[in-house]
Number of protein chains: 2
Amino acid sequence: MTGIAHIVDDDAAIRDALAWLLRSRGVDSRAWNSAESFLVDYLPDMKGCLILDIRMTGMSGPELFDRLLALGCTMPTLFLTGHGDIPLAVNALKKGAFDFIEKPCNDNDLATRVIAALQLDCQQRSQAASTASIETRLRNLTSREHEVMERILAGQYNKVIAADLNIAMRTVEVHRARIFEKMNVRSAVELAQLLSSGQLP
Amino acid sequence: MTGIAHIVDDDAAIRDALAWLLRSRGVDSRAWNSAESFLVDYLPDMKGCLILDIRMTGMSGPELFDRLLALGCTMPTLFLTGHGDIPLAVNALKKGAFDFIEKPCNDNDLATRVIAALQLDCQQRSQAASTASIETRLRNLTSREHEVMERILAGQYNKVIAADLNIAMRTVEVHRARIFEKMNVRSAVELAQLLSSGQLP
DNA sequence: TCCGCCATTGTGGATATCCGCAAAACGCGG
DNA sequence: CCGCGTTTTGCGGATATCCACAATGGCGGA
């Protein structure tokens, strides 16, 4: 668990209480007093989770959430609110927010949910790294190699691929070996499994 | 879109109004006046979506939802409520409810959400049928065939599989051909793709 | 007992895959 | 201009996959 809790709340007492609570559970945190100040500091490689207040001077929590979604932020987001309503909660959750908690709330419950969000971030990052690695390897293939690979994955014989692309079978073999090398697999089966395992294009 | 909206509400006026609204949008429905009466009629192959009231005499909407989850019901569920609260809404959505709508609500909005739920049910059923078909085919394999298939999917040569299982290579070929036939694939690549494509064991 | 299914095996022949070694042509960037 | 990467091709040899045809033995159910 390597991420931290990013707290955005315009109430200093809440920020301090949250930071204290999470520290008592071994969770590091950092706090911002407004959505705008968080956005100034935001970086795509921030790890952990977000804890957003709903009502804030200036940009609101939900508005910040929308903005971060647009920026591709994947950190699990917990909304804390003393002034929420059901459509707001439902809307946030349907947009992918991790949780929506009314204040005042049970300290233990809150800490538990934050820890769950941090764990989810960890898992998501691990999966995203794996997907990115596959995508990098795919990007390293030449366009010819892509053409051959599509046909390998369609189960075509080298002879059929050669006829299809109007090249020699030996050339197909060369491309095939290069594809396996670049994709770091040893067989067409392994390649198929690699490319079927996630949400890849 | 072949499913219907299953309405469970103890208020006859609401049931009628909902049925009328949905009919005006081309959606068939059927209504029950209590959670218990719906449970008496419930069948696992019901198609469509569920519209549940929260507060009802006897078993409540959320209690019915829990019961149906336990029965393996996959129909997308929309909660309708005039008396909800945020934790209830959040809890339902986190358990997988499709939507949570406060009454009174916009007729158009409600109908749109119901139609979206019906579409989701349709997709889910299609995916479930595909998964079931694969599982049936897997079940038709003999245990020996399973052993060989695992090794094929691990990318092993027939010669290695034969040595591993202490049988002739010809036998591996026979099993291999039977596996492909039963799984309705033509190659190990296709088999790997078939078994990597969903949430299978 | 008979039959069907499963697991196993062999023979021989055909096709598919793999690869070292070698070579040539083209395009791009330093 | 030169080096490198890409694409292509051929040769020869080895290994892998596929399968028709044939056969045997064990097990379970009718």
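A, B, ... follow the sequence lines: proteins, then strands. Residue 1 opens every chain.
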Candidates B/Leu118, B/Ile4, B/Val27 - the one meeting side chain to side chain contact (heavy atoms under 4.5 Å, CB included) with B/Leu22: B/Val27
Just by distance, no angles: are the side chains of A/Gln127 and A/Thr131 close enough, under 3.5 Å, to form a donor-acceptor pair? yes
Figure out the CD1/P separation between B/Ile179 and C/dA7, and round it to whole Å. 10 Å
Of all the choices, C/dC6, D/dT6, C/dA7, which nucleotide is nearest to the side chain of B/Lys182 once you look at every atom? C/dC6
For B/Cys49 and B/Ala117, which heavy atoms make the closest approach, and how far apart are they? CB-CB, 3.8 Å
Out of D/dT7, C/dT9, D/dT9, which nucleotide sits closest to the side chain of B/Ala168? C/dT9
Check nucleotides 15-23 of chain D for protein N or O atoms closer than 3.5 Å to its own N or O atoms and list the pairs.
residue	atom	partner	partner atom	Å
D/dA16	OP2	B/Lys159	NZ	3.4
D/dT17	OP2	B/Asn158	N	3.0
D/dC18	OP2	B/Arg176	NE	2.4
D/dC19	N4	B/Glu173	OE1	3.0
D/dA20	N6	B/Arg170	NE	3.0
D/dA20	N6	B/Arg170	NH2	3.1

With a 4.0 Å cut-off on heavy atoms, is B/Thr142 in touch with a base, just the backbone sugar-phosphate, or nothing at all? sugar-phosphate
Using a strict 4.0 Å threshold on nitrogen-to-oxygen distance, state whether A/Lys94 and B/Asp99 make a salt bridge. yes
Quick one: on DNA chain C, does B/Ile167 or B/Asn140 contact a more 5' nucleotide (nearest heavy atom)? B/Asn140
To the nearest Å, how far apart are B/Arg178 CZ and C/dT8 C1'? 14 Å
Check step by step if side-chain contact (heavy atoms from CB on, under 4.5 Å) holds for A/Thr81 and A/Arg55. CA-CA 7 Å; A/Thr81 181; A/Arg55 288 268 179 96; 5.7 Å; no
Euclidean distance, atom CG of residue A/Asn166 to atom P of D/dT7 [Å, nearest integer]: 16 Å
Closer than 4.0 Å, any side-chain N/O of B/His175 to the OP1 or OP2 of C/dT8? yes
Assign the ring pair A/Phe100 / A/Phe79 to parallel, tilted or perpendicular, where the plane angle (0 to 90°) is split at 30° and 60°. tilted
Can you tell me the distance, in whole Å, between the CG atom of B/Leu141 and the P atom of C/dC5? 16 Å
Report the distance from atom CZ of A/Arg144 to atom P of C/dG27, rounded to the nearest whole Å. 15 Å
Does A/Thr171 put a side-chain nitrogen or oxygen below 4.0 Å from OP1 or OP2 of D/dT7? no
Hey, are A/Glu173 and A/Arg176 close enough for a salt bridge, meaning a charged N less than 4.0 Å from a carboxylate O? no
